[in-house]
Every structure is written in structure tokens, then in C-alpha cells.
Amino acid sequence: QVQLVESGGGLVQPGESLRLSCAASGSIFSIDRMDWYRQAPGKQRDLVATIAGGHSTNYADSVKGRFTISRDNAKNTVYLQMNSLKPEDTAVYYCHANAIRRLGAIDNNVWGQGTQVTVSS
């Protein structure tokens with residue numbers, strides 16, 4: 001069973017930075033697309049950034065120029081570098097992955113447990 005484990009959340013002041021990590025555990029051969037989503041209280045879960053296996057990326061307009069998604073395929077890990085954080089970035093951030101290839105199986109739509117990011121002065 002594949003698991004995604006996030007880390008790196010916390011409380012920061014506006015303008016500061018955080019780096020989130022998400023590691024996939026298990027006997028994994030490869031992972032296609034990996035994403036970061038976020039969900040603020042009372043709101044829907046929204047896509048923040050996505051990175052394909054070939055490292056092409058896409059971002060929500062609200063984070064373009066401030067957030068950077070990257071991945072280390074050898075470690076089956078995806079990162080989200082968040083700079084110039086704003087109070088409206090406060091949310092639970094979730095890692096998500098599709099097409100996780102293991103021996104004899106492909107796992108789709110796998111979610112991490114989430115990590116809280118709070119931006120407040």
C-alpha cells in the first residue's frame with residue numbers, strides 16, 4: 001500500500017517562506033503526476049500546483065511567481081517552496097499523486113494526510 005506523507009507546515013508571518021515535502025513510501029517504480037492542493041476552512045479543496053513526471057509544471061494564478069513545485073524522482077518526493085506568504089495562503093495543504101507504479105499494480109488518486117500552513121502576524 002502506497003502512502004504519501006507530508007511535512008513542513010507551520011505558523012509563519014506574512015512575507016515569510018515555508019517548504020513543504022511529500023514523500024511516497026512503498027516499493028515504487030515511478031509516479032506520473034504529483035500535485036499540491038489546499039483547503040481553507042469552509043472552502044473547497046483547490047489545486048495549487050502540479051508537476052508531471054517530465055517536470056513540466058502548472059500553477060494556480062493565486063500562487064504564480066511565489067510558489068515553486070519540484071520533485072526528486074529518485075526519492076519519490078515532491079516539494080512546494082512557498083515564498084512571500086500571505087494570510088490568504090492559510091490552509092491545510094494536501095499532496096496528491098496519480099499513476100503510482102508498483103510491482104503488479106498502479107495506484108491512482110492517492111492523497112496525503114495534509115499539513116497545516118498558517119500565515120498570521
Side-chain angles (χ1 to χ4, degrees):
Q1 184 75 20
V2 173
Q3 288 188 324
L4 300 178
V5 179
E6 299 109 333
S7 61
L11 171 64
V12 296
Q13 295 188 345
E16 294 185 339
S17 299
L18 275 177
R19 188 193 195 206
L20 305 183
S21 299
C22 170
S25 63
S27 299
I28 296 169
F29 292 147
S30 66
I31 304 174
D32 281 358
R33 199 183 78 194
M34 301 186 80
D35 317 295
W36 286 99
Y37 284 75
R38 67 185 180 187
Q39 187 167 20
K43 295 188 177 181
Q44 67 181 20
R45 190 173 296 186
D46 291 326
L47 180 63
V48 175
T50 187
I51 185 166
H55 297 253
S56 63
T57 59
N58 278 291
Y59 298 91
D61 287 343
S62 59
V63 305
K64 281 182 181 176
R66 300 188 299 121
F67 291 11
T68 302
I69 189 171
S70 60
R71 62 190 289 171
D72 184 335
N73 290 335
K75 296 181 179 179
N76 295 316
T77 299
V78 63
Y79 306 96
L80 187 67
Q81 177 66 43
M82 304 184 294
N83 298 330
S84 302
L85 282 161
K86 305 175 181 179
E88 51 263 43
D89 295 318
T90 296
V92 178
Y93 284 70
Y94 295 91
C95 178
H96 174 262
N98 268 327
I100 301 175
R101 293 180 173 81
R102 300 182 288 119
L103 181 62
I106 300 176
D107 298 303
N108 285 308
N109 201 29
V110 180
W111 291 91
Q113 82 286 354
T115 185
Q116 177 70 46
V117 172
T118 302
V119 185
S120 175
S121 56

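- Among all heavy-atom pairs drawn from Ala99 and Ile106, the shortest one is CA-CG2, 3.7 Å.
- Surrounding CD of Gln3 are at most 12 heavy atoms belonging to other residues, nucleotides or ligands under 6.0 Å away.
- One distance of note links CD of Glu6 with CG of Leu20; it measures 8.5 Å at 0.5 Å rounding.
- Classified by interplanar angle (parallel below 30°, tilted 30° to 60°, perpendicular above 60°), the ring pair His96/Tyr37 is perpendicular.
- For the residue pair Val12 and Ser17, the shortest heavy atom distance occurs at CG1-O, 4.1 Å.
- In terms of heavy-atom proximity, Val2 sits nearest to Val110 at O-CG1, 4.2 Å.
- Ring-plane geometry between Tyr94 and Trp111 is classed as perpendicular, the angle between the planes exceeding 60 degrees on a 0 to 90 degree scale with a lower cut at 30.
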Walk me through whether Tyr79 and Thr68 qualify under side chain to side chain contact (heavy atoms under 4.5 Å, CB included). CA-CA 8 Å; Tyr79 306 96; Thr68 302; over 6 Å; no
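- Taking CZ from Arg71 and CG from Leu80, the interatomic distance works out to 14.0 Å, rounded to the nearest 0.5 Å.
- Atoms CE and CG, from Met34 and Asn76 in turn, are 7.0 Å apart once rounded to the nearest 0.5 Å.
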Going through the distances and angles, do Tyr59 and Ile51 end up as a side chain to side chain contact (heavy atoms under 4.5 Å, CB included)? CA-CA 9 Å; Tyr59 298 91; Ile51 185 166; over 6 Å; no
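- With side-chain heavy atoms closer than 4.5 Å counting as contact, directly or through intermediates, the hydrophobic cluster containing Phe29 also holds Leu103.
- Under the salt bridge (charged side-chain N to carboxylate O under 4.0 Å, His left out) criterion, Asp32 pairs with Arg101, sequence neighbours left out.
- When every heavy atom of Ala24 is checked against every heavy atom of Ile31, the shortest pair comes out as CB-CD1, 3.8 Å.
- Rounded to the nearest 0.5 angstrom, Trp36 CH2 and Cys22 SG are separated by 5.0 Å.
- Apart from Leu11 itself, the hydrophobic cluster it occupies contains nothing, where clustering links Ile, Leu, Val, Met, Phe, Trp and Tyr at side-chain heavy-atom distances under 4.5 Å.
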Quiz: residues 114-121 side-chain donor-acceptor pairs under 3.5 angstrom, not counting sequence neighbours:
| unit_1 | atom_1 | unit_2 | atom_2 | d |
| --- | --- | --- | --- | --- |
| Thr115 | OG1 | Gly9 | N | 3.3 |
| Gln116 | NE2 | Ala91 | O | 3.4 |
| Gln116 | NE2 | Thr118 | OG1 | 3.3 |

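- Atom CZ of Arg38 and atom OG1 of Thr90 lie 9.0 Å apart (nearest 0.5 Å).
- Residues Met82 and Asp89 fail the side-chain proximity criterion, which asks for heavy atoms closer than 4.5 Å.
- With sequence neighbours excluded, no residue satisfies salt bridge (charged side-chain N to carboxylate O under 4.0 Å, His left out) with Arg19.
- The heavy-atom pair separating Ala97 from Ile100 by the smallest distance is CB-CD1, 3.8 Å.
- In this structure, CD on Glu16 lies 11.5 Å from CG on Asn83, to the nearest 0.5 angstrom.
- With sequence neighbours left out, Asn58 forms a side-chain contact (heavy atoms from CB on, under 4.5 Å) with Thr50.
- Salt bridge annotation for Lys64-Asp61: present, with a cationic side-chain nitrogen under 4.0 angstrom from a carboxylate oxygen.
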